[in-house]
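Here the structure is laid out as structure tokens; the discussion comes afterwards.
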Amino acid sequence: MNYDINDLTFEEKLRLLTGKDFWQTYDANGKLDSVFMSDGPNGLRKCDGEHTEESIAMPCISALANSWSEETVFTDSATIADECAEKGVDILLAPGVNIKRTPLCGRNFEYFSEDPYLSGILAKAYIRGLQENGVGACIKHFCCNNREYDREFISSEVDERTLREIYVRPFEIALEAEPWLVMCSYNPVNGIYASENKKILKDLLRKRLGFSGVIVSDWGAVHNSYKALKATLDLRMAFDERAYGELKTAYERGLITDAEINFSADNLLRLLEKVQKAKKERRKVRFSVAERRERALSVARESIVLLKNEGALPLDPRKSVYVAGCFLSDPPYGGGGSSKVRTTFKSEPLARLICERTGAKTGFRQHFSDDGMFAEKCLLESAAAADRVVLCVGEDERKNREGADRITLRLSEVQENAIKMVGKVNKNVTVVVYAGGAIDMSPWIHSVNAVVYAGFCGEAVNLAVADILTGKVCPSGKLAETFPLSIADTVAYPYEPDGYCDRYEEGIFVGYRRYDRDGKEVLFPFGYGLSYANFAYSNLVVQKAGETSFTLSFDVENLSSVSGKEVVQVYVKDIVSSVSRPEKELKGFVKKLIEAGKKERITIRLEADAFAFYSAALDEWYVENGDYEIQIGSSSRDIRLKARVKIELPPESQYTVEKADLREIGSET
Ligand code: BGC
């Protein structure tokens, strides 16, 4: 059905811009369909008043990103689309693509990465997985919502180049998948609330990035309805009874025009049409609950990262295993806040899962909790008596949640002590870490010989952990964020807010860009992750495919007797530049299964955007002539192949070259 704006009265148009209740759009007394929105991104969280429907808890976005796999991300969101189809949800308020500026941000578990390219590419796959299955995506939170502390008041003060290269870039890439909605953030950007920031919403998102869908506010982020409308924010959510009156008064005072009202109301009508069409043509329940659970497990398997392995894993079935720790049978599967999915799924305790898979003799007991209980003597006796020990540690939603930041990257004292003590009585200790972000493991990592980072991998987390520990699955996840050696090394630390503004002084040097520039050691670099297989890279050939395009091809050989997937990463460095640029920037990646003993030829193409920086002087992306180094590696700090390419664009596209019309411009002034 096609909706015509002329069929709506003035009042109906205004009401359409303000929603109907907490989750739905206004229906004009049945004249229009009402669109139902619900939270993601870590599964579906459908709420009706106080009641949250049960759903499958998928791996959180932070874990998903560790898969470095567009296919895996697509599987994830397509599975959530099924849940939406089953429960009558039209739009999932997901994914979140905010950059992990600091590992302390309490909501990092809902975000992909510290890197804009990885975030954008994976977000695109997430959007496709939803929309190809008839459910609208809403990327959020636009923009610069990079911490939770006082998120509704502290202004993110950020320069133009940083804004475009780091914080807006993931949105820019994700927009290629045409999400139906973009949600603005709570925070002011350079002093003006994102919800009413004309430069951010109208000039940047709409005009520069070409977004023609609906801009919705974060829930309660609008402070002034008419300013928001003028900035082209279409839909103020959740319903607030003051909104209609505010808009009406502003109209009567001539502060907003018919054209502005019609523009936004029309965007909403087009959204209703998209929803109707998708519902009819694409939305259906494709998988049974059991199949969806199986998919949640397959995603989790791809997302777990093996961080350390000194001959401890896979577990030897002939050796006994003792499992202890905080999260034996009830592991944290996600963080807290609006993305919290209600699941009642529980897997068997990890020890039983290990026994099921290998027949190994296993035992388990909690012995210590996150903060408090510590049955030290009993733990050490049991640990000493076993051939191997697996310790389950980490953080749960109390420390990783919306509305508050983490205050430390360290595990609780009880957990750190337990690990160190067990490491003294047993020389074969594996630590499994559940968390929403980076953990500082430096106080205890030397006491153990294996570390598996499970992250927040959804309800199937322990099934996947058991598969990795026992070698049923070869680990293939890699970190989408750097694990620093200490909190003191991170951006924006120490954080001393002046109550009003958070100045992004580090500019574009966020995450590995910063550690590389400063030559800083880290615990685990961006892109790092081990495998049970062993890969060798060789035979790089670079072919020029156009003025600013190159095709890279190279071999990756699996030298081991285990089939496994390798995440191959391509970084680019501008060797001499007229502006400060990072040592390397991720510009391509691919995850590929390579059978034991086999070799695969990988091909990756780089286009102009792989070489460009955002020129604040020109107000556009700009590629500078000169030499660039292509670095191909297994992580950002494990570069295996290098090549140099030259870019030679004609002089007229190089702004440092004097132009003939300069004099004319001079005479104008
Ligand atoms: C969050 C959004 C969420 C919305 C609706 C807000 O507090 O920031 O991400 O979609 O609530 O629950």
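Numbering of residues begins at 1 and proceeds along the displayed sequence. Just so you know, ligand 1 is whichever comes first in the structure, and atom 1 is the first atom listed for that ligand.
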message: Please work out, at 4.0 Å between heavy atoms, whether the side chain, the backbone, both, or neither of Phe22 comes within that distance of ligand 1.
response: neither
task: Using salt bridge (Lys or Arg N to Asp or Glu O under 4.0 Å) as the criterion, list what pairs up with Asp33, not counting sequence neighbours.
output: none
- prompt: Strictly under 4.0 Å, does any heavy atom of His141 approach an atom of ligand 1?
  reply: yes
Proximal ligand 1 atoms for Tyr186, defined as those under 4.0 Å from one of its heavy atoms: 6 (C), 7 (O), 8 (O)
Whether Trp219 and Trp23 hold their rings parallel, tilted or perpendicular, with breakpoints at 30° and 60°: tilted
message: If you apply the rule side-chain contact (heavy atoms from CB on, under 4.5 Å), what do you find for Asp330 with Lys346, and how did you get there?
response: CA-CA 7 Å; Asp330 209 2; Lys346 276 200 181 6; 3.7 Å; yes
message: Closer than 4.0 angstrom, basic N to acidic O: yes or no for Glu397 and Arg401?
response: no
With sequence neighbours excluded, residues passing ring pair (Phe, Tyr, Trp, His ring centres under 6.0 Å) with Phe509: none
message: Please confirm whether Met183 approaches ligand 1 to less than 4.0 Å, judged on its heavy atoms.
response: yes
message: Any atom of ligand 1 sitting under 4.0 Å from a heavy atom of Glu402?
response: yes
field: Min N/O separation Trp23 to ligand 1 under 3.5 Å
entry: no
field: Per-residue contact class, Arg107 against ligand 1 - non-hydrogen pairs under 4.0 Å
entry: side chain
message: Out of all atoms in ligand 1, which are within 4.0 Å of some heavy atom of Lys140? Include the element for each.
response: 2 (C), 3 (C), 9 (O), 10 (O)
task: Using the ring-ring contact (aromatic ring centres under 6.0 Å, His included) rule, pick out the option among Phe524, Phe526, Phe483, Tyr117 that qualifies with Tyr512.
output: Phe526
message: Can you confirm whether Ser156 sits close enough to Asn190 that some side-chain heavy atom of one is under 4.5 Å from a side-chain heavy atom of the other?
response: no
Asp218: numbered ligand 1 atoms lying under 4.0 Å from its heavy atoms: 1 (C), 2 (C), 3 (C), 4 (C), 6 (C), 7 (O), 8 (O), 11 (O)
- prompt: What part of Arg151 sits under 4.0 Å from ligand 1 if we count only heavy atoms: the side chain, the backbone, both or neither?
  reply: side chain
message: Can you give me the closest heavy-atom contact between Ala480 and Ala65, atom names plus distance?
response: CB-CB, 3.7 Å
field: atom 10 (O) of ligand 1: nearest protein contact (heavy atom, Å)
entry: Asp39 OD1, 2.6 Å
query: With a cut-off of 4.0 Å, which atoms of ligand 1 are near a heavy atom of Leu93?
result: 10 (O)
